[in-house]
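Below is one structure, written out as structure tokens; comments come after it.
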Amino acid sequence: MDINKLKDPQEVEKLARDISAAHIGHELVLFDNLDHQLCDFDRRSSFGSNPVKVVGASIFLCVCGSMKCRINLSEHIAEAGDVIVVLPGSIMQILDVSDDMQTASLSFATDYFEAIVDVSAEMRASPIVKLSDSDFDECINIYRMLNSRIRRCRDQSLRMIAKGYVGVACSIITNAWLNSHREVITGMSRPSDLYTRYLTKVQEDYHSHRSVRHYAEILCVTPKYLSMVVKKESGRNASDFIDELVIFEAKALLMDGGYTVQQVAEMMNFPNPSFFSRFFRKRTGLTPTAYQNENSKSFRTFPDCHNLSQMLQE
């Protein structure tokens with residue numbers, strides 16, 4: 001699968017039509033399995049084990065069952081009543097789902113999402129939002145109304161109406177997230193706050209900056225102090241978090257199938273393929289080529305319904 005090709009608006013629209021998803025051009029795609037249980041599908045093809053680079057943004061409303069996933073630096077479990085917010089540029093990997101898992105998803109082009117939603121940068125590190133029953137029911141109702149509106153209405157007012165629906169749902173979700181994290185954020189000690197800000201910055205900039213010194217300068221502390229705080233808060237070296245995200249994205253690109261090792265090295269801002277290969281092998285035990293060959297034997301891409309956010313044009 002060629003990620004560049006799938007950034008093409010026409011490809012996104014074609015895919016949405018092929019899976020009968022409600023959509024507005026390439027900007028917004030709605031898909032759900034609310035009328036089916038996951039066991040009605042081939043679970044092995046519905047959820048892959050490999051990481052995927054998310055180009056746009058996605059919101060998953062978990063109606064029933066549970067999903068275990070990894071987003072960027074941490075693993076999360078989402079259950080009925082939870083919302084998963086996957087921000088642009090994130091790396092996502094579905095680790096497991098229950099047989100009764102039912103979700104409703106909204107996938108956005110990045111510019112469409114950012115024009116409507118004002119999210120805290122910290123949400124990148126805490127993407128699971130727990131809604132009250134009433135808030136979740138309201139969001140699902142909005143999803144259903146929006147889905148119905150898109151399917152039956154194609155006049156010039158649709159885009160404006162859709163943005164209204166999406167804006168209300170996203171406001172409910174972000175308000176719930178802020179309320180649940182306000183006490184944690186305001187009550188943080190300085191070391192805990194520094195650690196949290198470090199993780200947030202790493203997830204924003206790891207693609208271009210892989211030096212602990214770079215983040216220390218941004219956070220106005222010395223590299224030695226930052227390393228000490230991260231080690232105390234997490235038990236891990238500060239550089240581990242940077243390397244982990246680099247490897248996570250590299251795996252996603254290698255498994256995409258459309259890129260050579262040299263292209264992935266260039267995309268990940270390594271000086272040359274040899275340096276990238278040494279970096280990758282040191283942290284995974286395999287060369288990039290060996291990793292591609294080993295995983296391609298059993299690899300099956302995410303199905304169209306779960307790969308939409310990757311395909312939306314940045």
Side-chain angles (χ1 to χ4, degrees), residues 1 3 47-58 60 67-78 84-97 110 121-128 195-196 198-212 214-215 230 234-261 263-270 273 275-296 298-302 306-307 309-311 314:
M1 182 182 298
I3 292 179
F47 295 92
S49 60
N50 294 280
V52 171
K53 176 68 178 288
V54 177
V55 177
S58 283
F60 295 89
M67 174 193 295
K68 183 179 182 181
C69 61
R70 177 180 174 180
I71 302 174
N72 297 322
L73 285 170
S74 55
E75 292 184 4
H76 307 275
I77 295 178
I84 308 173
V85 180
V86 187
L87 299 180
S90 296
I91 311 294
M92 184 175 185
Q93 182 177 16
I94 304 297
L95 302 174
D96 194 21
V97 293
T110 300
E122 284 78 13
M123 187 178 281
R124 191 173 292 276
S126 301
I128 306 298
Y195 171 64
T196 299
Y198 171 69
L199 294 185
T200 299
K201 286 296 182 184
V202 167
Q203 291 177 87
E204 292 175 349
D205 298 343
Y206 73 92
H207 195 270
S208 302
H209 300 284
R210 291 193 275 271
S211 163
V212 174
H214 167 80
Y215 297 100
V230 172
S234 68
R236 302 174 62 187
N237 296 324
S239 60
D240 290 346
F241 293 100
I242 304 171
D243 292 351
E244 186 177 334
L245 272 173
V246 172
I247 291 296
F248 202 28
E249 178 168 357
K251 286 180 176 180
L253 294 173
L254 289 168
M255 290 315 304
D256 174 73
Y259 301 111
T260 65
V261 172
Q263 288 173 319
V264 173
E266 291 173 354
M267 294 166 71
M268 296 300 298
N269 292 317
F270 282 89
F275 189 91
F276 169 60
S277 294
R278 290 195 299 272
F279 178 92
F280 192 91
R281 184 172 186 174
K282 181 179 180 181
R283 289 156 182 82
T284 67
L286 294 172
T287 65
T289 301
Y291 178 83
Q292 272 186 322
N293 293 337
E294 181 176 292
N295 286 275
S296 63
S298 59
F299 175 69
R300 299 180 70 179
T301 61
F302 278 74
H306 290 286
N307 218 18
S309 59
Q310 180 190 32
M311 303 168 189
E314 191 166 285

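All values derive from a computational prediction rather than experimental measurement. Along the sequence shown, residues are numbered consecutively beginning with 1.
Contact of the Phe241 side chain with the Gln203 side chain is not registered, since no non-hydrogen atoms from C-beta on lie closer than 4.5 Å. Residues Val230 and Val212 have side chains not in contact (no heavy-atom distance under 4.5 Å, counting atoms from C-beta outward). At a threshold of 4.5 Å between non-hydrogen side-chain atoms, the residues Val86 and Pro127 do not count as touching. For the pair Lys251 and Ile91, the minimum side-chain heavy-atom distance is 4.5 Å or more. Two residues are said to be in side-chain contact when any heavy atoms from C-beta on lie closer than 4.5 Å; Glu266 and Phe276 fail this criterion. Two residues are said to be in side-chain contact when any heavy atoms from C-beta on lie closer than 4.5 Å; Phe248 and Ile71 fail this criterion. Side-chain contact between Phe279 and Val246 is present, with heavy atoms from C-beta onward closer than 4.5 Å. At least one side-chain heavy atom of Ile84 sits less than 4.5 Å from a side-chain heavy atom of Ile128.
Rounded to the nearest 0.5 Å, atoms OG1 (Thr287) and CG (Asn293) are 8.0 Å apart. Rounding to the nearest 0.5 Å places CG of Asp243 at 4.0 Å from CZ of Arg283. Residue Lys282 holds its NZ atom at 12.5 Å from OG1 of Thr284, rounded to the nearest 0.5 Å. The line from CD of Gln292 to OG1 of Thr260 is 8.0 Å long, rounded to the nearest 0.5 Å. In this structure, Thr200 OG1 and Tyr215 OH are separated by 11.5 Å, a value rounded to the nearest 0.5 Å. To the nearest 0.5 Å, atom CG of residue Leu286 and atom CG of residue Leu254 are 11.0 Å apart.
Between the side chain of His207 and the backbone N or O of Met267, at least one donor-acceptor pair lies under 3.5 Å. Without hydrogens or angle criteria, Ser90 side chain to Met92 main chain gives no donor-acceptor distance under 3.5 Å.
Contact detail for Cys69 and Ile94: the closest heavy-atom pair is CB-CD1, 4.2 Å. Residues Pro88 and Ala57 approach most closely at CD-CB, 3.7 Å, considering heavy atoms.
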Kindly determine whether Met255 and Tyr291 satisfy side chain to side chain contact (heavy atoms under 4.5 Å, CB included), including the steps that lead there.
-> CA-CA 9 Å; Met255 290 315 304; Tyr291 178 83; 3.7 Å; yes

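Applying the side-chain hydrogen bond (donor to acceptor under 3.5 Å, both in side chains) rule to Arg70 yields the partners Glu244; only residues at least two apart in sequence or on another chain are considered. For Tyr206, there are no ring-ring contact (aromatic ring centres under 6.0 Å, His included) partners two or more places apart in sequence or in a different chain.
Cation-pi check for Arg278 over Phe270 is not met; the charged atom does not lie both under 6.0 angstrom from the ring centroid and within 45 degrees of its normal.
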